[in-house]
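Below is one structure, written out as structure tokens, with a few remarks after it.
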Amino acid sequence: MFSLLVNISANAKWSQNGVTVAGGNGAGGATNQLDCPHGLFVHDDQTVVIADFENHRIMQWKNGDTTNGQVFAGGYGKGNGLHQLKYPIVVLIDKETDSLIISDWGNRRVVRWSRRSGTTQGEILIDNIDCYGLAMDEQRYLYVSDYVKHEVRRYRLGEKNGTLVAGGNGQGDELNQLNHPAYLFVDRDHSVYVSDWNNHCVMKWVEDAKEGIVVAGGQGHGNALTQLNSPLGLFVDTLGAVYVADQGNQRVMRWTQGAKQGTVIVGGNEIGSGENQFNFPIGLSFDRHGNIYVVDHSNHRVQRFSIEKDL
């Protein structure tokens, strides 16, 4: 299972105060710190894996140990050696091979790094690509957004060219275009959801479609419930509800299938470092219980918001 199947009731609510599960000790490179983290992946056992952008490393924080993380890839300074990363953006776990797949943004490549102990370097899967978001389906196809070509491609592992699945018609706001595609989510039907950063919306591209459907935002840049502001992290539950890190509005929103407006489920309380505040929420994921994990970029931490049990 790659796109985690999470069943969340339509009337679910979450605690408004987050708990720090990684970082939160200021910007830095110690094992209890993060520095401008971006994407994250939550494993079945609630282990959190984080792309620690300014530290050029991938960190793993085990459930229950919020004090220190472990460096799992990179951590050898900024560079393009196989033992190094340069501004990693997104990370996911390929459970079949127990490896990390990383969007190594600063090196314009996608790399794989085994999670087995003793691993000291990665291997290049795709190079010469302006990669941003990553996703994987249950057939282990890899999806990569290219924010310069304004497109998303699907790759069989080991393939270099891939197949166009979204965008690819230049930069723009038509339904067959994207404008700086960022984070990705792929559902069981192989529909690709894209946070279309500069169009302030989330697009859904059904398999083999020639154009996408706006499923969140798309009413220009703003903070109304019909709008998003520079959306990034994405998640879709089994009912087709879209969850999005609405970065510029310091909130996480939920858009039920077919809805014309979303609801704020956590955040939305101005920029800050309080338990109910964000300072640019970027990465977004869930565990199988329905708890939300948010990468709080400029607070250099990951926050977990618990789903209310009585719903």
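The model shown is predicted, which means the values in this text are computed figures rather than measured ones. Computed over heavy atoms, backbone and side chain alike; hydrogens, waters and symmetry mates excluded.
- Listed here is the closest heavy atom pair of Ser273 and Arg301: O-NH1, 3.1 Å.
- At least one side-chain heavy atom of Met203 sits under 4.5 Å from a side-chain heavy atom of Leu175.
- The closest side-chain heavy-atom distance from Val49 to Met59 is not below 4.5 Å.
- The two atoms that bring Val214 and Cys201 nearest to each other are CG1-CB, 4.1 Å, heavy atoms only.
- Val111 has its side chain within reach of Leu85: a pair of non-hydrogen atoms, C-beta onward, lies under 4.5 Å apart.
- Closest approach of Gln84 to Lys78, counting heavy atoms only: NE2-O, 3.7 Å.
- The nearest pair of heavy atoms linking Arg109 to Cys131 is O-SG, 3.3 Å.
- Val148 and Tyr87 end up in the same hydrophobic cluster when Ile, Leu, Val, Met, Phe, Trp and Tyr side chains are linked at under 4.5 Å.
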Could you walk me through whether Arg153 and Asp146 pass the salt bridge (Lys or Arg N to Asp or Glu O under 4.0 Å) check? CA-CA 8 Å; Arg153 286 186 172 268; Asp146 186 317; over 6 Å; no
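- Using modelled atom types, one side-chain atom of Ser145 and one backbone atom of Ala182 make a donor-acceptor pair closer than 3.5 Å.
- Residues Val19 and Val42 are members of separate hydrophobic clusters, defined by side-chain heavy-atom contacts under 4.5 angstrom among Ile, Leu, Val, Met, Phe, Trp and Tyr.
- Phe72 and Leu82 end up in the same hydrophobic cluster when Ile, Leu, Val, Met, Phe, Trp and Tyr side chains are linked at under 4.5 Å.
- Ring-centre distance between Tyr183 and Tyr243: not below the 6.0 Å cut-off.
- There is a path of hydrophobic side-chain contacts, each under 4.5 Å, that joins Ile124 to Ile102.
- With hydrogens and angles ignored, the 3.5 Å screen pairs no side-chain donor or acceptor of Trp105 with any backbone N or O of Val90.
- A donor-acceptor pair is defined here as one N or O able to donate and one able to accept, closer than 3.5 Å; such a pair exists between the side chain of Gln16 and the backbone of Ile265.
- Taking the charged nitrogens against the carboxylate oxygens, Asp130 and Arg108 do have a contact shorter than 4.0 Å, which makes a salt bridge.
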Show me the donor-acceptor pairs, under 3.5 Å and distance only, between side chains in residues 20-34 and residues at least two apart or in other chains.
from, atom 1, to, atom 2, distance (Å)
Thr20, OG1, Gln303, OE1, 2.6
Asn25, ND2, Asn32, O, 2.8
Thr31, OG1, Asn68, OD1, 2.8
Gln33, OE1, Ala30, N, 3.2
Gln33, NE2, Asn25, O, 3.0

So Asp189 and Ser191, side-chain hydrogen bond (donor to acceptor under 3.5 Å, both in side chains) or not? Walk me through it. CA-CA 5 Å; Asp189 299 323; Ser191 293; 5.4 Å; no
Report the C-alpha distance between Asn63 and Asp45 in whole Å, list the side-chain angles of each, state the deciding distance to 0.1 Å, and finish with yes or no for side chain to side chain contact (heavy atoms under 4.5 Å, CB included). CA-CA 7 Å; Asn63 183 29; Asp45 61 4; over 6 Å; no
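- Of the residues listed (Tyr293, Phe185, Trp255), the one engaging Phe235 in a ring-ring contact (aromatic ring centres under 6.0 Å, His included) is Phe185, and it is the only one.
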For Arg304 and Gln46, run side-chain hydrogen bond (donor to acceptor under 3.5 Å, both in side chains): C-alpha distance rounded to whole Å, both residues' side-chain angles, the deciding distance at 0.1 Å, then the answer. CA-CA 11 Å; Arg304 182 176 67 213; Gln46 295 176 292; 5.6 Å; no
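- Side-chain atoms of Lys160 come within 3.5 Å of backbone atoms of Leu125 as a donor-acceptor pair (strictly under, hydrogens ignored).
- Atom CG of Leu234 is separated from atom OG of Ser195 by 4.5 Å, given to the nearest 0.5 angstrom.
- Taking NZ from Lys210 and CG from Asn176, the interatomic distance works out to 11.0 Å, rounded to the nearest 0.5 Å.
- You'll find the side chain of Ile271 reaches within 4.5 Å of the side chain of Phe280, heavy atoms only.
- In this structure, the side chain of Arg254 engages the main chain of Ala10 through a donor-acceptor pair within 3.5 Å.
- Formation of a donor-acceptor pair under 3.5 Å by the His43 side chain with backbone atoms of Phe41 is not found in this model.
- Here Lys13 contributes atom NZ and Ile8 contributes atom CD1; the two are 13.0 Å apart, rounded to the nearest 0.5 Å.
- In this structure, Lys149 and Leu164 have side chains that are not in contact, with every pair of non-hydrogen atoms separated by 4.5 Å or more.
- Separation of atoms CZ (Arg154) and OG1 (Thr163) is listed at 5.0 Å; rounding is to 0.5 Å.
- Using a distance-only test at 3.5 Å, with no hydrogens or angles considered, a donor-acceptor pair links the side chain of Gln177 to the main chain of Asn169.
- Side-chain atoms of Asp35 do not come within 3.5 Å of backbone N or O of His300 as any donor-acceptor pair.
- No side-chain heavy atom of Tyr76 sits under 4.5 Å from any side-chain heavy atom of Gln121.
- For the atom pair CD1 (Ile58) and CZ (Phe53), the distance works out to 11.5 Å, reported to the nearest 0.5 Å.
- Considering all non-hydrogen atoms of both residues, Trp205 and Glu211 come closest at CZ3-CA, 3.4 Å.
- Atom NE2 of His38 and atom CD1 of Ile50 lie 13.0 Å apart (nearest 0.5 Å).
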Pair Asp104-Lys86, side chain to side chain contact (heavy atoms under 4.5 Å, CB included): steps then yes or no: CA-CA 6 Å; Asp104 189 9; Lys86 184 178 178 183; 4.2 Å; yes
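- The closest donor-acceptor contact from the side chain of Asp287 to the backbone of His289 lies under 3.5 Å.
- Counted within 6.0 Å of CG on Asn161, heavy atoms from surrounding residues, nucleotides or ligands total 12 or fewer; the atom is thus considered open.
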In sequence, state the C-alpha distance, the side-chain angles, and the governing distance for Asn223 and Asn229, and then conclude on side chain to side chain contact (heavy atoms under 4.5 Å, CB included). CA-CA 7 Å; Asn223 63 4; Asn229 182 352; over 6 Å; no
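- Checked by atom type and distance alone, the side chain of Asn107 pairs as donor or acceptor with a backbone atom of Gly79 at under 3.5 Å.
- The side-chain heavy atoms of Thr119 and Trp113, taken from C-beta on, include a pair separated by under 4.5 Å.
- Minimum interatomic distance between Asn291 and Ile307 (heavy atoms only, all atoms of both residues): OD1-N, 3.0 Å.
- Of the N and O atoms on the side chains of Ser15 and Asn17, not one donor lies less than 3.5 Å from an acceptor on the other residue.
- Look at Lys95 and Asp44 and you find a salt bridge, because one of the NZ, NE, NH1 or NH2 atoms lies within 4.0 Å of a carboxylate O, short of that distance.
- Arg115 is listed as a side-chain neighbour of Gln60, based on a closest heavy-atom distance under 4.5 Å.
- Between His180 and Tyr132, the distance separating the two ring centers is shorter than 6.0 angstrom.
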Could you go through the side chain to side chain contact (heavy atoms under 4.5 Å, CB included) check for Val152 and Leu178 one step at a time? CA-CA 9 Å; Val152 180; Leu178 296 167; 4.2 Å; yes
